[in-house]
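First the structure, in the form of structure tokens, and then the observations on it.
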Amino acid sequence: QLASQSEKLLNAQVQNIMAAVMSNYFDVVRQQAFMKTIDQSIAVAQKRLEIVKTQQSVGMANNADLYQSQLDLNALEQTRQTQLLTIGQAKTDLLLLLNLRPDSVIQITDTILVDRTINLTRILGDIGRNAEIMAAEDQVRISEFAVKEAQALRSPTLRANAGYNLTRNQIAAGNVLLNKISGPQAGLSLAIPIYNGTLYKRQQKVAEINVKNANLQRDMLVRDYTAAAVRTFQSYESALKQLDAQEKNVELARKLLDLALLRYELRQATILEVRQAQQSFESAAYTMTNLRYAAKSGEIELKRVINQLAL
């Protein structure tokens with residue numbers, strides 16, 4: 001049982017490390033998705049600046065629009081540099097978890113895909129597969145064995161022994177020159193713990209208390225993991241529902257931005273309207289990426305709880 005318990009505790013550590021690695025990996029993917037949004041926004045800002053310069057060359061735009069467009073582009077370039085730093089630090093955290101050199105160069109090209117087949121009933125039904133809960137079950141059995149051992153110490157002990165003796169004496173001179181004795185022997189011994197009986201009784205009571213504590217700790221683990229699984233599933237389910245709507249919002253925001261740019265080029269929209277459309281697109285894209293990451297984090301945690309994480 002001790003070997004089984006140690007194996008389960010080791011498995012729990014492995015699952016925790018895998019969850020941490022996967023969370024950090026997808027955080028890098030998330031930060032890179034933010035970078036794509038920033039690059040798209042920079043492309044829009046450059047397009048807007050080109051439109052202003054073209055209009056100004058024919059006397060249809062003032063310096064204020066030109067300066068504002070250039071300032072907006074510069075701000076986005078600064079945001080891009082900050083995001084590069086964030087990506088680099090996220091990669092360093094990932095390398096640390098993988099026990100690799102922090103200055104190693106890694107390239108990650110991936111998207112966040114979420115498993116949508118997880119349901120709460122299956123998670124709660126498999127909660128007993130959690131490595132820590134199974135280790136707690138082993139501890140209960142170990143404590144029960146200790147009670148049986150303590151009970152055995154209080155009981156009288158009857159021991160049986162048997163043997164065969166062979167004795168041969170040979171004398172060079174005398175009336176008896178050879179003496180040979182052989183034959184089996186057997187015996188019984190009875191031990192009654194009179195003086196240590198009180199000590200053994202206390203040991204049994206302590207062992208019984210340990211069983212109760214082990215059961216209590218196991219039940220608390222089941223309760224805590226069940227509550228955590230329900231909360232995590234609620235967040236996971238909510239993120240998935242919001243994600244479906246947010247993907248449509250991003251598509252609409254992209255179309256609105258394209259339309260605003262076209263109207264601005266035709267001088268039917270102001271620079272403020274273009275900036276608002278651009279900000280709406282950025283906000284919608286950031287929210288969509290965060291929702292994907294939140295749903296993926298929920299998936300990872302739910303699979304960790306039931307001991308089903310695999311790289």
Side-chain angles (χ1 to χ4, degrees), residues 23-95 102-103 105-112 239 242-297:
S23 295
N24 277 266
Y25 173 84
F26 284 109
D27 183 45
V28 174
V29 176
R30 174 178 65 157
Q31 298 301 334
Q32 291 182 160
F34 288 160
M35 179 64 81
K36 291 180 182 178
T37 299
I38 293 171
D39 287 341
Q40 289 175 330
S41 194
I42 287 175
V44 171
Q46 290 172 338
K47 176 68 175 177
R48 195 177 75 193
L49 182 60
E50 292 173 3
I51 292 173
V52 171
K53 287 180 177 180
T54 301
Q55 291 178 347
Q56 191 181 43
S57 66
V58 294
M60 300 178 64
N62 55 41
N63 286 334
D65 288 347
L66 178 64
Y67 297 155
Q68 186 61 62
S69 297
Q70 188 64 60
L71 284 171
D72 290 345
L73 179 59
N74 292 344
L76 284 170
E77 292 288 356
Q78 289 180 337
T79 301
R80 191 178 193 280
Q81 291 301 315
T82 301
Q83 189 59 27
L84 281 173
L85 173 61
T86 302
I87 292 173
Q89 291 176 338
K91 287 182 177 180
T92 300
D93 292 339
L94 178 60
L95 289 169
D103 58 350
V105 178
I106 57 173
Q107 298 294 330
I108 297 176
T109 304
D110 203 349
T111 55
I112 301 177
Q242 294 180 66
L243 181 59
D244 292 336
Q246 193 61 29
E247 288 174 347
K248 297 177 182 178
N249 289 341
V250 171
E251 188 64 28
L252 289 174
R254 179 78 233 187
K255 291 179 180 179
L256 176 62
L257 180 56
D258 292 341
L259 180 60
L261 270 176
L262 180 60
R263 293 182 67 242
Y264 183 69
E265 190 173 7
L266 298 174
R267 296 190 59 78
Q268 294 188 4
T270 65
I271 193 171
L272 181 60
E273 291 175 322
V274 177
R275 290 183 65 195
Q276 288 177 338
Q278 191 172 356
Q279 290 171 357
S280 295
F281 169 73
E282 291 174 4
S283 177
Y286 289 151
T287 301
M288 180 184 68
T289 301
N290 279 328
L291 286 171
R292 281 179 178 165
Y293 180 75
K296 190 64 179 180
S297 296

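Start at 1 with the first residue, then count along the sequence.
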| When rounded to the nearest 0.5 angstrom, what distance separates CD in Q31 from OG1 in T86? | 5.5 Å
| said: For a quick test of reading the model, state the closest non-hydrogen atom pair linking I108 to Q32 and the distance between them. | reply: O-NE2, 2.8 Å
| task | Determine the minimum heavy-atom distance between Y25 and L94, stating which atoms define it. | result | N-CD1, 3.9 Å
| request: Considering only NZ, NE, NH1 and NH2 on the basic side and carboxylate oxygens on the acidic side, decide whether D27 and R30 come within less than 4.0 Å. | output: yes
| task | Report yes or no: do Q70 and N74 form a side-chain donor-acceptor pair below 3.5 Å? | result | yes
| task | Check whether the side chains of D72 and Q68 place a donor and an acceptor atom closer than 3.5 Å, and report yes or no. | result | yes
| note | In this structure, CD of Q278 is separated from NZ of K47 (nearest 0.5 Å) by 13.5 Å
| request: Starting at CZ of F26, measure out to OG1 of T111 and round the result to the nearest 0.5 Å. | output: 8.5 Å
| query | Can D244 and K248 be counted as an ion pair, charged N to O under 4.0 angstrom? | reply | no
| Quick one: CG on L257 to CD on Q40, what's the gap to the nearest 0.5 Å? | 9.5 Å
| When rounded to the nearest 0.5 angstrom, what distance separates CZ in R80 from CD1 in I38? | 8.0 Å
| Donor on one side chain, acceptor on other, T37 and E282, under 3.5 Å | no
| request: Work out which heavy atom in E273 is nearest to a heavy atom in T270; give both atom names and the distance. | output: OE1-N, 2.9 Å
| field | Distance (rounded to the nearest 0.5 Å) between L73 CG and Q78 CD | value | 10.5 Å
| query | How far apart are the C-alpha atoms of T109 and V29, what are their side-chain angles, what is the distance that settles it, and do they pass the side chain to side chain contact (heavy atoms under 4.5 Å, CB included) test? | reply | CA-CA 8 Å; T109 304; V29 176; over 6 Å; no
| Working for side chain to side chain contact (heavy atoms under 4.5 Å, CB included), residues N62 and Q56 | CA-CA 6 Å; N62 55 41; Q56 191 181 43; over 6 Å; no
| task | Say whether, by atom type as modelled, one donor and one acceptor occur between the side chain of S57 and the main chain of T54 under 3.5 angstrom. | result | yes
| task | Compare all side-chain heavy atoms of V52 with those of Y264 and state whether any distance is below 4.5 angstrom. | result | yes
